[in-house]
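Taking it in order: structure first as structure tokens, then the write-up.
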Amino acid sequence: MPEVGLFATLARLEPLDWTEGFDALYEVEFDGAGGFVVRPGPGRPAAPGG
């Protein structure tokens with residue numbers, strides 16, 4: 001069953017984090033009508049000392 005592999009992979013996923021060196025993070029959600037909603041992810045943390 002493909003669902004088994006999908007849910008097994010989903011269980012291993014972790015949220016991304018700024019410390020991994022990304023320039024931008026986004027949250028993507030299914031809109032329920034066949035499309036997606038894309039929003040900026042959590043804010044970039046303040047630079048050290050600033």
Side-chain angles (χ1 to χ4, degrees):
M1 295 184 125
E3 293 89 3
V4 173
L6 177 68
F7 289 115
T9 300
L10 180 62
R12 294 192 322 246
L13 295 177
E14 299 176 3
L16 300 176
D17 190 88
W18 289 107
T19 61
E20 297 178 69
F22 293 100
D23 291 329
L25 293 176
Y26 298 92
E27 295 177 347
V28 180
E29 241 181 275
F30 179 61
D31 70 3
F36 295 92
V37 176
V38 180
R39 295 184 191 92
R44 183 181 291 264

Students should find that the hydrophobic cluster of Trp18, defined by side-chain heavy atoms under 4.5 Å apart, otherwise consists of Leu16, Phe22, Leu25
A quick test of your reading: do over 12 heavy atoms of other residues, nucleotides or ligands sit less than 6.0 Å from OH of Tyr26? no
Would you say the side chain of Glu27 lies within less than 4.5 Å of the side chain of Pro40, judging by non-hydrogen atoms? no
Across all chains, not counting sequence neighbours, the side-chain hydrogen bond (donor to acceptor under 3.5 Å, both in side chains) partners of Thr9 are none
Using a 4.5 Å side-chain heavy-atom cut-off and chaining through intermediate ILVMFWY residues, the residues clustered with Leu10 come out as Phe7, Leu13
Applied to residues 8-24, the salt bridge (charged side-chain N to carboxylate O under 4.0 Å, His left out) test, sequence neighbours excluded, yields none
Applying side-chain hydrogen bond (donor to acceptor under 3.5 Å, both in side chains) to Arg39 and not counting sequence neighbours gives Glu29
